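Reckoned from all heavy atoms, side chains included, excluding hydrogens, waters and symmetry mates. We count ligands from 1, going down the list as the structure has it; atoms in each ligand are counted the same way. Since we're looking at a predicted model, the values are computed, not measured.
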Amino acid sequence: MSIKNAYLQRVYESVEKRNAGEKEFLQAVYEVLESLEPVIEQHPEYEAAGLLERLVEPERVITFRVPWVDDNGKVQVNRGYRVQFNSAIGPYKGGLRFAPNVYMGIIKFLGFEQIFKNSLTGLPIGGGKGGSDFDPNGKSDAEVMRFCQSFMTELYRHIGANTDVPAGDLGVGAREIGYLFGQYKRLKDVYEGVLTGKGIPYGGLNGRTEATGYGIVFFAREMLKRFGEELKGKEVVVSGFGNVSWGTVQKLNQLGAKVITISGPDGYIYDPDGVTAGEKEDYLLELRASGKNICAPYAEKFPNAKFFPGEKPWGVKADLYIPCATQNEIGMEEAKAMVAAGCKFLCEGSNMPTTNEAVAFLRDNGVVIGPAKAANAGGVACSCIEMGQNAGHTVFAPDQVYAQLESIMVNIHDSAAAAAEKYGFGYNLVAGANIAGFEKIASAMMAQGIV
Ligand code: 2IT
């Protein structure tokens with residue numbers, strides 16, 4: 001596919017010009033605009049209202065210096081970001097990513113995706129994202145605390161429970177959220193749900209930690225159902241070993257599937273016995289807590305498993321593939337390996353794991369794709385439930401949360417499928433998710449005038 005509509009072309013060209021070098025952001029925008037062609041053709045009023053020109057321009061972009069002192073007494077300086085992309089349907093909402101490769105192009109791509117993802121949940125949350133090029137791996141707790149306190153010392157003036165509510169993403173888990181929350185409360189002297197993914201004793205939501213992974217598996221289940229198949233007995237290739245992988249593995253095990261791989265930046269693990277419930281699932285948490293960002297030790301702990309250094313798991317034969325590591329982990333080479341291995345279903349866990357070229361190639365080869373902005377929306381959906389819990393000064397029970405999550409994921413799947421069908425895309429969930437997410441944002445923006 002390519003963009004043929006003149007209005008969409010003009011918008012994309014101007015995004016390219018204005019955001020030169022931000023390749024992940026350009027990729028995310030291109031993918032969405034491409035799907036919107038039939039919608040734009042039916043709604044000439046959008047062009048008259050400059051709707052897309054406004055949609056691709058963040059409402060506010062904040063960058064700031066984050067100075068901190070390491071354990072050797074040396075001064076370090078990182079760069080902090082918050083992109084407040086779109087508040088048409090609710091306060092800005094989206095995670096913070098701490099990773100050395102973070103720059104504006106990554107934060108903007110994540111913020112842009114978040115607009116549609118949050119809209120798809122059906123809940124009142126706008127799109128935003130933030131982070132830093134700080135690398136928490138290998139840092140002491142004290143260093144992470146000093147960094148988080150310095151980061152919040154600038155960020156606090158831009159956020160609030162009804163303005164902008166950050167959460168975690170890569171490199172930001174319960175520990176970081178705790179330090180960030182403590183500093184916000186100290187600076188602002190208000191106890192409010194300004195961050196989600198908090199610890200349970202101080203306002204966190206039962207089930208939030210596993211929500212992203214559980215939601216992905218519910219979404220995959222709905223995809224399989226379309227083809228009269230079920231998860232029970234299926235072999236699954238999963239990448240990554242962090243929070244998203246962990247939740248995904250857990251729910252897959254509960255539903256009777258078998259996870260045969262995990263991966264890290266150092267290579268991948270093939271476990272013919274499956275990454276089973278109990279000790280093996282728990283070991284993923286240990287790997288992550290080690291702060292080394294490697295998966296190789298899994299094969300030492302469980303000797304039946306084999307470690308493939310420097311390789312990715314995409315050539316391993318399986319019934320279902322669920323990338324849970326990071327953006328663009330599946331390019332053309334990996335997509336070809338997947339097709340050669342007989343891949344039929346790809347359900348994206350990580351944000352934008354597949355390049356646009358690879359998505360087209362997989363689709364042309366009959367692979368059914370569940371796009372990340374739909375499939376991984378269970379995390380942010382539960383974040384919004386956490387916001388509601390905090391605003392209502394109450395506590396929700398785990399079963400209540402799980403039930404709501406499951407019905408949200410089924411709804412997301414069904415509304416993406418219906419939108420694709422309505423605009424002549426068949427069962428193309430990539431296009432359907434973009435359109436269903438967009439429709440709600442577009443009507444809210446139209447109603448609110450030129451802002
Ligand atoms: O990519 C994502 O949706 C997240 N990192 C979670 C965002 C959130 O606000 O819970």
Side-chain angles (χ1 to χ4, degrees), residues 24 28 81-87 89-99 102 106-132 155 159-174 176-177 180-181 193-199 203-216 219 240 242-248 323-327 329 348-353 370-390 401 404-405 408-409 412 433 437:
E24 295 84 0
Y81 301 88
R82 188 71 185 165
V83 173
Q84 299 179 329
F85 224 120
N86 190 298
S87 63
I89 62 167
Y92 310 108
K93 181 82 197 88
L96 298 170
R97 176 176 292 192
F98 292 170
V102 161
I106 298 243
I107 300 299
K108 269 157 66 177
F109 117 65
L110 290 164
F112 187 71
E113 292 274 299
Q114 204 82 43
I115 303 170
F116 305 93
K117 182 195 304 197
N118 295 3
S119 167
L120 281 167
T121 65
L123 299 168
I125 34 178
K129 201 85 188 191
S132 174
L155 188 67
I159 62 176
N162 293 304
T163 309
D164 182 357
V165 183
D169 193 87
L170 296 181
V172 179
E176 289 76 15
I177 293 292
L180 291 164
F181 184 76
V194 67
L195 291 160
T196 61
K198 299 183 293 297
L205 182 78
N206 285 303
R208 174 63 187 90
T209 317
E210 56 273 36
T212 312
Y214 280 24
I216 291 163
F219 195 90
N243 169 263
V244 177
S245 312
W246 168 77
T248 300
C324 297
T326 191
Q327 70 274 348
E329 46 181 312
E348 298 182 337
S350 40
N351 290 311
M352 204 171 73
K373 60 170 84 64
N376 77 17
V380 76
C382 285
S383 275
C384 189
I385 299 171
E386 183 171 328
M387 289 162 69
Q389 170 180 278
N390 297 156
V401 176
Q404 219 176 324
L405 170 65
I408 289 170
M409 296 314 299
I412 294 175

Side-chain contact, heavy-atom cut-off 4.5 Å: Q114 with F85?
no

Hey, is Q114 one of the residues with a heavy atom under 4.0 angstrom from ligand 1?
yes

Ligand 1 N/O within reach of G168 N/O, cut-off under 3.5 Å:
yes

For ligand 1, does V165 get within less than 4.0 Å through its side chain, its backbone, both, or neither, judged by non-hydrogen atoms?
neither

Protein contact to atom 7 (C) of ligand 1 [nearest heavy atom, distance to 0.1 Å]
G95 N, 3.5 Å

Rounded to the nearest 0.5 Å, the CD atom of E348 sits from the CZ atom of F219 at a distance of 10.0 Å

Under 4.0 Å from a heavy atom of A167: give me the atoms of ligand 1 that qualify, with their elements.
8 (C), 9 (O), 10 (O)

Side-chain contact, heavy-atom cut-off 4.5 Å: T196 with M387?
yes

Among protein heavy atoms, which sits nearest to atom 2 (C) of ligand 1, and what does the distance come to when rounded to 0.1 Å?
K117 NZ, 3.2 Å

What are the atoms of ligand 1, with element, lying closer than 4.0 Å to any heavy atom of N351?
1 (O)

Counting only heavy atoms, tell me which of D169, N118, T212, L96 gets closest to atom 5 (N) of ligand 1.
D169

Spatial distance of atom CG (N351) from atom CD1 (I106) [nearest 0.5 Å]
10.5 Å

For atom 10 (O) of ligand 1, what's the nearest protein heavy-atom neighbour? Residue, atom name and distance, please.
S383 OG, 2.5 Å

Closest to atom 6 (C) of ligand 1 among K129, K93, R208 (heavy-atom distance)
R208

Any luck finding a side-chain donor-acceptor pair between Q84 and D164 under 3.5 Å?
yes

Is it true that a side-chain atom of N243 and a backbone atom of G173 form a donor plus acceptor pair closer than 3.5 Å?
no

When rounded to the nearest 0.5 Å, the distance separating SG of C384 from CZ of R208 is 11.0 Å

